[in-house]
**Q** 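For reference, the structure I am asking about is given below.
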2 protein chains.
Amino acid sequence: MPPPSVTLTPSAEPPAGDAGGPAFSPLYRQIKALITRSLQGGEWRPGEAIPSEMELAVRYKVSQGTVRKAIDELATDNLLVRRQGKGTYVATHAEQHIQYRFLRLAPDDGEGEVRLQRRFIDCRRLRASAEIARWLEIKAGEPAVQVRRLLLRGDQPIVLDDIWLPGTLFKGLTAERLSDYRGPMYGLFESEFGVRMIRAEERLRAVAADAAAARWLTVPEGAPLLSVERISFTYADRPVELRRGLYHTANHHYRNALS
Amino acid sequence: MPPPSVTLTPSAEPPAGDAGGPAFSPLYRQIKALITRSLQGGEWRPGEAIPSEMELAVRYKVSQGTVRKAIDELATDNLLVRRQGKGTYVATHAEQHIQYRFLRLAPDDGEGEVRLQRRFIDCRRLRASAEIARWLEIKAGEPAVQVRRLLLRGDQPIVLDDIWLPGTLFKGLTAERLSDYRGPMYGLFESEFGVRMIRAEERLRAVAADAAAARWLTVPEGAPLLSVERISFTYADRPVELRRGLYHTANHHYRNALS
DNA sequence: GAGTGGTCTAGACCACACT
DNA sequence: GTGTGGTCTAGACCACTCC
């Protein structure tokens with residue numbers, strides 16, 4: 001048979017004095033990279049179906065099995081969603097019945113479910129401090145957006161979030177658009193600003209409530225709160241959100257699975 | 001070709017009035033279950049190699065590809081470890097250069113690394129309270145073992161752990177054996193008691209230090225501490241450990257990846 | 001060189017969704 | 001029925017480890 005058009009090549013030229021990184025990348029990883037590039041470039045939009053495995057196999061001149069393995073990994077990474085009998089779809093934060101994919105909060109009773117109300121406190125444009133800029137990998141002094149909001153269960157405030165975003169990516173973001181949007185905030189980011197959150201890293205610690213946090217969360221000053229710092233990434237591991245949440249964990253907890 | 005000896009059958013007889021669980025399980029999942037059963041039964045011990053894919057294919061009378069997919073999932077579940085050119089090995093908590101596979105603590109500076117000393121405070125046998133028994137799925141009043149220990153970085157205490165184990169599984173467990181063992185505690189459980197920890201669930205919250213915790217962790221009473229409740233499971237989702245850790249998070253944090 | 005896991009292919013058939 | 005993803009097979013070759 002004819003050789004595939006995508007030949008097995010070193011994935012990247014290792015710099016001289018390289019410590020021994022992977023020298024080759026298998027075909028299916030190169031296909032994966034090509035599909036990822038199309039996702040990043042917007043060739044297929046969130047919620048849409050991508051071409052069938054057979055079509056992609058023809059397009060990339062490889063076998064269906066190789067495309068399959070590439071898609072397998074992308075599905076594992078939560079970039080694609082497979083639906084048997086229908087097709088493979090671009091994952092989306094909207095339309096997803098799981099309201100908050102990244103929120104690990106759960107009530108102490110009940111199973112996993114939380115129904116939370118949002119209340120936006122503030123949305124302002126400012127210049128990134130040195131620390132914010134470092135996390136977002138922008139320059140200090142560049143424009144940024146800060147959002148402050150509460151999550152409530154009934155009328156009990158549970159989470160106070162402070163969110164920082166690069167101003168250049170979120171130009172038209174206002175408190176009104178945040179309030180008006182139905183669905184998770186990451187769905188808004190995706191559909192209105194073309195920024196798709198892929199993965200995130202969180203750092204948790206226990207802190208004492210300061211005066212402002214105590215007021216918003218209606219707890220005594222000094223009460224223990226769970227601090228959750230999150231940095232979210234879009235394609236190519238580019239950081240696009242810094243978030244600091246203070247969780248009131250008297251009747252809720254942060255759940256995590258280890259394996 | 002001859003039909004495979006493991007035929008495609010309903011994975012389990014759905015009870016009458018079943019809500020529509022999966023009716024079939026593919027061949028590779030049945031192979032996976034067979035391999036898991038051998039692991040559980042001790043046919044291959046932690047750290048040992050299992051038979052090659054070809055040998056297993058012959059044994060189960062399926063193709064190598066089907067065995068391969070079963071092993072793929074078991075490797076993803078961290079039950080097996082593949083080593084190219086050598087073989088497939090039973091995962092183990094001992095001999096693993098990652099000292100604490102389940103400990104998500106990291107120093108605020110530096111990258112991921114923590115080098116912690118252990119100090120065992122107490123190891124006593126008692127009868128399970130109703131709550132402990134509920135988590136361990138044993139009967140209240142049945143024998144249990146409680147271990148209390150500190151984790152220190154240098155001479156700074158960071159974590160105070162209280163651990164409860166079913167007494168029937170951990171008969172000869174003493175403070176001496178805990179102190180003498182080199183390597184992670186789960187390695188001891190595995191080699192000395194034949195109990196392999198497969199996965200765990202954690203619940204995190206912020207709490208105020210009580211008098212005892214404050215003393216052990218050398219923090220003021222009422223200081224915020226990160227409470228980490230863990231329930232660990234062995235094969236067949238059987239709970240075999242309940243653990244409550246109090247983390248002093250002034251200079252450390254609990255890290256978590258979301259995707 | 002022999003043995004192991006890793007990749008790639010090609011083709012057959014099954015399960016599922018839509019029409 | 002048609003088209004999609006899901007499973008299974010068989011065989012070839014590659015990359016790595018150890019002898």
Side-chain angles (χ1 to χ4, degrees), chain A residues 1-11 20-35 44 48-76 79-91, chain B residues 1-11 20-35 44 48-76 79-91:
Chain A
M1 69 167 318
S5 68
V6 182
T7 48
L8 281 166
T9 54
S11 59
F24 291 88
S25 87
L27 236 195
Y28 72 86
R29 276 198 194 279
Q30 301 180 39
I31 304 301
K32 182 184 178 185
L34 290 175
I35 296 176
W44 313 303
E48 291 180 1
I50 70 170
S52 74
E53 297 179 350
M54 274 306 299
E55 287 176 281
L56 290 173
V58 170
R59 165 165 167 177
Y60 298 126
K61 296 206 178 67
V62 298
S63 78
Q64 190 204 11
T66 300
V67 170
R68 183 167 195 76
K69 190 147 186 185
I71 293 180
D72 277 347
E73 288 203 353
L74 288 165
T76 299
L79 292 185
L80 296 176
V81 178
R82 319 189 80 134
R83 295 188 195 142
Q84 180 171 159
K86 299 185 66 176
T88 301
Y89 294 77
V90 182
Chain B
M1 72 165 316
S5 68
V6 182
T7 48
L8 282 166
T9 53
S11 60
F24 291 87
S25 86
L27 236 197
Y28 73 85
R29 278 198 192 281
Q30 301 179 39
I31 305 301
K32 182 184 178 184
L34 290 174
I35 296 175
W44 312 304
E48 290 180 2
I50 70 170
S52 74
E53 296 179 351
M54 275 306 301
E55 287 177 282
L56 290 174
V58 170
R59 165 166 168 177
Y60 298 127
K61 297 206 178 69
V62 298
S63 78
Q64 189 203 12
T66 300
V67 170
R68 182 166 195 76
K69 190 147 186 184
I71 293 180
D72 277 345
E73 289 203 352
L74 288 165
T76 300
L79 292 185
L80 296 177
V81 178
R82 319 188 81 134
R83 295 188 194 142
Q84 181 172 157
K86 299 186 66 176
T88 302
Y89 293 77
V90 182

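Residue numbers begin at 1 in each chain, while the letters A, B, ... track the order of the sequences. Side-chain atoms are counted along with the backbone in the values below, which use heavy atoms only and exclude waters and symmetry mates.
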**Q** Holding to side-chain contact (heavy atoms from CB on, under 4.5 Å), I want the full list of residues that pass it with B:Q84, two or more places apart in sequence or in another chain.
**A** none
**Q** What is the distance from CD of B:Q30 to C1' of D:dT7, rounded to the nearest Å?
**A**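 B:Q30 atom CD is separated from D:dT7 atom C1' by 12 Å.
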**Q** Supply the atom-to-atom distance B:L56 CG to B:T66 OG1, rounded to the nearest 0.5 angstrom.
**A** 12.0 Å
**Q** Which atom names give the shortest non-hydrogen contact between A:I71 and A:E53, and what distance separates them?
**A** CD1-CG, 4.0 Å
**Q** In whole angstrom, what separates A:E73's CD from C:dT7's C1'?
**A** 12 Å
**Q** Using a heavy-atom cut-off of 4.0 Å across all strands, would you classify B:R83 as base, sugar-phosphate, or nothing?
**A**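 Touches sugar-phosphate only.
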**Q** State whether B:R68 places a side-chain N or O below 4.0 Å from either non-bridging phosphate oxygen (OP1 or OP2) of C:dG5.
**A**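 No.
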**Q** Using a cut-off of strictly less than 4.0 Å, decide whether A:T66 has a side-chain nitrogen or oxygen near OP1 or OP2 of C:dC8.
**A** no
**Q** What is the separation between atom NZ on A:K69 and atom P on D:dG5, rounded to the nearest whole Å?
**A** 18 Å
**Q** Between C:dG5 atom P and B:D72 atom CG, what is the distance in whole Å?
**A** 12 Å
**Q** Closest nucleotide of DNA chain C for A:Q64 versus for A:R29: which of these residues is on the 5' side?
**A**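 The answer here is A:R29.
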**Q** Can you identify which nucleotide, out of D:dG5, C:dT4, D:dT4, has its nearest atom closest to the B:S52 side chain?
**A**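 In terms of side-chain proximity for B:S52, the closest of D:dG5, C:dT4, D:dT4 is C:dT4.
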**Q** In this structure, how many angstroms lie between the P atom of D:dT9 and the CE atom of B:M54, rounded?
**A** 12 Å
**Q** If you take all heavy atoms of B:A75 and B:R82, which pair is closest and at what distance?
**A**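 That closest heavy-atom pairing would be CB-CG, 4.1 Å.
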**Q** Once rounded to the nearest 0.5 Å, what's the spacing between atom CD1 of A:I31 and atom NZ of A:K61?
**A** 11.0 Å
**Q** Could you work out which one of C:dC8, D:dG6, D:dC8 sits closest to the side chain of A:Y28?
**A**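 Comparing C:dC8, D:dG6, D:dC8 against the side chain of A:Y28, the answer is C:dC8.
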**Q** Atom CG of A:L56 to atom P of D:dT4: distance rounded to whole Å?
**A**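 Atom-to-atom, A:L56 to D:dT4, this comes out as 11 Å.
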**Q** Nearest 0.5 Å, what's the CG-OH distance between B:L74 and B:Y28?
**A** 11.5 Å
**Q** By nearest atom, which of the nucleotides D:dC8, C:dG5, D:dG6 is closest to the B:L27 side chain?
**A** D:dC8
**Q** For the side chain of A:S63, counting heavy atoms from C-beta on, which of C:dA10, C:dG5, D:dT7 is nearest?
**A**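 It is C:dA10.
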**Q** Strictly by Watson-Crick or wobble contacts shorter than 3.5 Å, is anything paired with C:dT19, and which nucleotide is it?
**A**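 Partner of C:dT19: none found under 3.5 Å.
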**Q** Report each atom pair, protein N/O against N/O of nucleotides 17-19 of chain D, whose distance is under 3.5 angstrom.
**A**
from: D:dC18; atom 1: OP1; to: B:K86; atom 2: NZ; distance (Å): 3.2

**Q** How many whole angstroms separate atom CZ of B:R82 from atom C1' of D:dC16?
**A** 14 Å
**Q** Taking NZ from A:K61 and C1' from C:dA10, how many angstroms apart are they, rounded to a whole number?
**A** 18 Å
**Q** Can you check side chain to side chain contact (heavy atoms under 4.5 Å, CB included) on B:R29 and B:K69, steps first, answer last?
**A** CA-CA 8 Å; B:R29 278 198 192 281; B:K69 190 147 186 184; over 6 Å; no
